[in-house]
Each structure stands twice: as structure tokens, then as C-alpha cells.
Amino acid sequence: MGNIFLIMFAAILTENFIFSRFLGICPFLGVSNKPSTALGMGMAVTFVMTVSSAVTWAVYRFILQPLKIEYLKTIAFILVIATLVQFIEMFLRKYVPALYGALGIYLPLITTNCAVLGSALLNIQKGYSFGESVAFGFASALGFTMAILIFAGVRERLAFATPPKCFKGFPILLISASLAAMAFAGFSGMKLG
């Protein structure tokens, strides 16, 4: 149990996919305009990343390894992730159309979100058990959600800021994101276990 706690703590803070690994930057910059859409994206990524961690672990252990076709893991994992995203898209279109409209093009892009694929691949690379894989996927998604929500709050504050003309728009966003990443770099010095 202690090992799962350490894996989750590291996935959220010290190895945050956005601020430490720089994976999932496209939705991070694209959907963080408002906290509500950021939270919706975070919830969708949390579902997909958690379930895909479980399913891809099983696909790798029970299909790819026994057949000795481990080299197909990236393709197989993308197919699993794409299927899960389709289910999310159908659910949101039917039950939460406002969030579906707000997420726009970024919802189908979860399929190619390198944070989701990275989570599945890291589970295999690190040799996690089933429970550890699910915990890592869930915690990585929580870290993603936390990062995107923090940045949505920063972007709301930036709307009232008056930066110099050369920094208006996208440049100030990149500077803000880099400052947040630097703040999270402070967690990398923590020694766990």
C-alpha cells in the first residue's frame, strides 16, 4: 500500500505530466481558458487515463506478451485510448452538450494526447502491477487536472493584467506556464522512499 501511495504522490507532484514531463501541453494551453472547461477536460482525461491504464496493462500482459508481439504496444494502446475517447465523446454529446461544445476539437485530441499514451507506456516500462498501473494512471490524471486548473486560474488573472505589448497574448501564457513549471520543479528534489 505504501508503494502505491509513493507512486501516486510522485505522479501528481514530482513527475507531473505537464510541468515535469511536458506531456499534454496542447490541451493544457488550448482548454485552460476557463476553470469550468479545464475541469471538464481534466475529468475526461482522468476517466480515459485511468481506464486505459487498466486495459492497456491487460492487453500487454495477456495478449501482446504471450504472442510475443510486444513491439505492437503503441498501436494497440492508441486503439484502446481511441475507443475510450469515443465513448466519452458520445456520453458528453448526449448528456453534457455544453461541455461537449466547450471542449470542441480538444475532446477527440485526447486520443493523441501524449500524456494518456505516456501513462500507458510508462506503466509497462516501469513494470508496474495491475494495481500500481491503475493508481499511476489515476494519479497522473489528477496531476494533469490540477495543472490545467491552476493554469486556468492564472489565465483568468492574466485577463486583467496589462503586460507590455510584446508579451500580450500567447507569449505571456508561455511565460506563465514556464513559471508554474519552475515552481513544480521544486518538488523534484524530494526523496521518496
Side-chain angles (χ1 to χ4, degrees), residues 1-31 38 40-93 103-148 177 181 184-185 187-188 192-193:
M1 187 66 174
N3 191 34
I4 289 181
F5 174 74
L6 291 176
I7 288 171
M8 292 180 73
F9 183 81
I12 293 171
L13 293 177
T14 60
E15 298 175 8
N16 185 286
F17 270 47
I18 290 179
F19 292 138
S20 296
R21 294 185 184 271
F22 306 109
L23 297 174
I25 299 295
C26 180
F28 172 71
L29 292 172
V31 185
M41 176 59 101
M43 289 171 34
V45 167
T46 299
F47 176 79
V48 170
M49 200 178 286
T50 304
V51 175
S52 71
S53 290
V55 174
T56 56
W57 184 90
V59 165
Y60 186 79
R61 295 285 185 244
F62 299 123
I63 297 173
L64 300 179
Q65 272 188 332
L67 296 175
K68 300 199 184 321
I69 53 173
E70 294 95 343
Y71 58 89
L72 293 176
K73 69 180 172 240
T74 304
I75 295 169
F77 292 177
I78 289 174
L79 289 173
V80 167
I81 293 165
T83 303
L84 291 171
V85 169
Q86 288 302 310
F87 285 130
I88 292 260
E89 193 170 353
M90 290 186 300
F91 175 81
L92 289 179
R93 185 181 309 147
L103 292 176
I105 188 68
Y106 295 99
L107 187 58
L109 286 177
I110 293 175
T111 302
T112 57
N113 184 342
C114 48
V116 178
L117 180 60
S119 174
L121 291 172
L122 281 170
N123 285 331
I124 301 305
Q125 181 184 3
K126 293 184 177 190
Y128 287 153
S129 67
F130 179 77
E132 291 171 338
S133 293
V134 173
F136 180 76
F138 179 70
S140 296
L142 286 181
F144 177 90
T145 303
M146 180 184 63
I148 201 169
F184 267 74
F187 292 114
S188 65
L192 299 174

On a heavy-atom basis, which atom in [X] and which in [Y] lie closest, and how many Å separate them?
X: V59; Y: A76; value: CG1-CB, 4.3 Å
X: L23; Y: I18; value: O-CG1, 3.6 Å
X: A135; Y: I4; value: CB-CG2, 3.5 Å
X: G137; Y: S119; value: CA-OG, 3.5 Å
X: V116; Y: S52; value: CG1-OG, 3.8 Å
X: A147; Y: N16; value: CB-OD1, 4.0 Å

List the steps and the verdict of side chain to side chain contact (heavy atoms under 4.5 Å, CB included) for L122 and F17.
CA-CA 11 Å; L122 281 170; F17 270 47; 3.9 Å; yes
Aromatic plane relationship, F184 with F19 - under 30° parallel, 30 to 60° tilted, over 60° perpendicular
tilted
From [X] [atom1] over to [Y] [atom2], what is the distance, rounded to the nearest 0.5 angstrom?
X: M8; Y: L13; atom1: CE; atom2: CG; answer: 11.5 Å
X: T14; Y: R21; atom1: OG1; atom2: CZ; answer: 8.5 Å
X: I12; Y: M146; atom1: CD1; atom2: CE; answer: 7.0 Å
X: L142; Y: M49; atom1: CG; atom2: CE; answer: 10.0 Å
X: L64; Y: I75; atom1: CG; atom2: CD1; answer: 10.0 Å
X: I78; Y: T83; atom1: CD1; atom2: OG1; answer: 11.5 Å

Give every residue pair that meets the ring pair (Phe, Tyr, Trp, His ring centres under 6.0 Å) criterion with at least one member in residues 110-135, sequence neighbours excluded.
W57-F130, Y128-F136
Taking the side chain as every heavy atom from C-beta outward, state whether E70 and I124 have any atom pair closer than 4.5 Å.
no
Counterpart residues, ring pair (Phe, Tyr, Trp, His ring centres under 6.0 Å), relative to F77 (two or more places apart):
none
Report yes or no: do T145 and T46 form a side-chain donor-acceptor pair below 3.5 Å?
yes
Would a distance-only check, ignoring hydrogens and angles, find a side-chain to backbone donor-acceptor pair under 3.5 Å from S133 to S53?
no
